[in-house]
Amino acid sequence: MTAGKPRVVAIIPARLESSRLPRKALADICGLPMIVHVYRRCLRASTLDDVIVATDSREIHDTVAAAGGKAVMTSRRHQNGTERIAEVAAALDCEIVVNVQGDEALVMPKHIDAAVGALLADPALNVAILVNPFRKHGSPSDIKAVLTDAGDVLYLSRSDIPSNARTPEPEMLKAYHVVPFRRPFLLQYVAWPPGTLERIEFNEYLRILERGHRIRAVRVESSAVSVDTPHDLEWVRAQMTSDPLFAAYR
């Protein structure tokens, strides 16, 4: 860690049972469990000082440990991944906590660095999220984002936004789930009750917007997808075979 740089820790939330794709964290992708792919890719981000998997599954914990990684057991009562990382973050000595979702099997280290860089560049900023261009319509498992002119998130939705009712094929942006928080803000935010829009959309980051706080959007060019369905898993397996980063850490 360079002198004067805030300590930055990535925490990867992972649970075994997923409603859309059960046991996806341990799904085999080219010979490695998905959670191990995410962990090893995070290790290659230059802005991170440590990487930890947060899980309520002993099987996931032991899989990560067997692969040489760090894992921490958490409560089973958490409603989302942000609550899970906050439990671990509460005991850490760091300034920035990065939520890297455990199903981002193709996450790029340079994109993690770009997200963290937004907080390093602006001391007044408490949270950021990656977004990337997106063209698939009618996909409620993907969170779409619209932005202000200043580059902050205006809204997040499972619906296609902006609407194409009057404008054919407007550009869409998808949330790419790498989310750095300042640790004090993270711990404050998870103590707030869920907001109305959060409960409608099933997206916990709307709680931040509903309370009037900013989320900076960091735009990157990426084809990475969150693995939510069997189709997503097969697509990621096909991409991984020629992924240059995989060749370096396999």
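When reading the values below, keep in mind they use all heavy atoms of this one structure, side chains included, and skip hydrogens, waters and symmetry mates.
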Give every donor-acceptor pair under 3.5 Å between a side-chain atom in residues 217-226 and any protein atom, sequence neighbours left out.
| unit_1 | atom_1 | unit_2 | atom_2 | d |
| --- | --- | --- | --- | --- |
| R219 | NH1 | E171 | OE1 | 3.3 |
| R219 | NH1 | E171 | OE2 | 3.3 |
| R219 | NH2 | E171 | OE2 | 2.6 |
| S222 | OG | A224 | N | 3.0 |
| S226 | OG | E104 | OE2 | 2.7 |

> Within the side chain of Q79, is there an N or O that forms a donor-acceptor pair under 3.5 Å with the backbone of R77?
Replying inline: yes
> Do side-chain atoms of R158 reach the backbone of E201 as a donor and acceptor pair under 3.5 angstrom?
Replying inline: yes
>> I'd like to know if the side chain of T74 and the backbone of T55 have a donor-acceptor N/O pair within less than 3.5 Å.
In response: yes
> What pairs of residues pass the salt bridge (charged side-chain N to carboxylate O under 4.0 Å, His left out) test when at least one of them lies in residues 35-44, not counting sequence neighbours?
Replying inline: R41-D243
> Who passes salt bridge (Lys or Arg N to Asp or Glu O under 4.0 Å) against R237, sequence neighbours left out?
Replying inline: E234
>> Using the salt bridge (Lys or Arg N to Asp or Glu O under 4.0 Å) criterion, which residues pair with D232? Sequence neighbours excluded.
In response: none
>> Please find the pair of heavy atoms, one from E198 and one from E210, that lie closest to each other, and give the distance.
In response: N-OE2, 3.1 Å
> Taking C-beta and beyond as the side chain, do P6 and L120 meet within less than 4.5 Å on heavy atoms?
Replying inline: yes
>> Once rounded to the nearest 0.5 Å, what's the spacing between atom CG of L154 and atom OG1 of T148?
In response: 7.0 Å
Check: residues 32-39 side-chain donor-acceptor pairs under 3.5 Å, at least two apart:
| unit_1 | atom_1 | unit_2 | atom_2 | d |
| --- | --- | --- | --- | --- |
| H37 | ND1 | Y249 | OH | 2.6 |
| H37 | NE2 | I29 | O | 2.7 |
| Y39 | OH | K70 | N | 3.1 |

>> Applying side chain to side chain contact (heavy atoms under 4.5 Å, CB included) to I12 and V51, what does each step give before you reach the verdict?
In response: CA-CA 8 Å; I12 306 167; V51 181; 3.8 Å; yes
Which atom pairs, donor and acceptor, lie under 3.5 Å between side-chain atoms of residues 159-166 and protein residues at least two apart or in another chain?
| unit_1 | atom_1 | unit_2 | atom_2 | d |
| --- | --- | --- | --- | --- |
| D160 | OD1 | G138 | N | 3.4 |
| D160 | OD2 | H137 | ND1 | 3.3 |
| D160 | OD2 | G138 | N | 3.0 |
| S163 | OG | A165 | N | 3.0 |

>> Holding to salt bridge (Lys or Arg N to Asp or Glu O under 4.0 Å), I want the full list of residues that pass it with E83, two or more places apart in sequence or in another chain.
In response: none
> Checking side chain to side chain contact (heavy atoms under 4.5 Å, CB included) for the pair V190/F181: CA distance, chi angles, key distance, verdict?
Replying inline: CA-CA 12 Å; V190 296; F181 293 89; over 6 Å; no
> Please, which pairs that meet side chain to side chain donor-acceptor pair (under 3.5 Å) have at least one residue in residues 174-191, sequence neighbours excluded?
Replying inline: H111-Y176
>> My understanding is that only residues two or more places apart in sequence, or in another chain, count here; which of them pass salt bridge (Lys or Arg N to Asp or Glu O under 4.0 Å) with R250?
In response: none
> With side chains defined as the heavy atoms from C-beta onward, is the minimum distance between D152 and I215 less than 4.5 Å?
Replying inline: no
> Can you name the side-chain contact (heavy atoms from CB on, under 4.5 Å) partners of H213, sequence neighbours left out?
Replying inline: F185, W192, I208, R211
>> Using the side chain to side chain donor-acceptor pair (under 3.5 Å) criterion, which residues pair with E95? Sequence neighbours excluded.
In response: none
> Salt bridge check: are R84 and D56 linked by an N-O gap of less than 4.0 Å?
Replying inline: yes
> For the side chain of R7 and the backbone of I96, is there at least one donor-acceptor N/O pair under 3.5 Å apart?
Replying inline: no
> Got a sec, which pairs hit salt bridge (charged side-chain N to carboxylate O under 4.0 Å, His left out) with one end in residues 110-136, sequence neighbours left out?
Replying inline: D122-R214, K136-D142
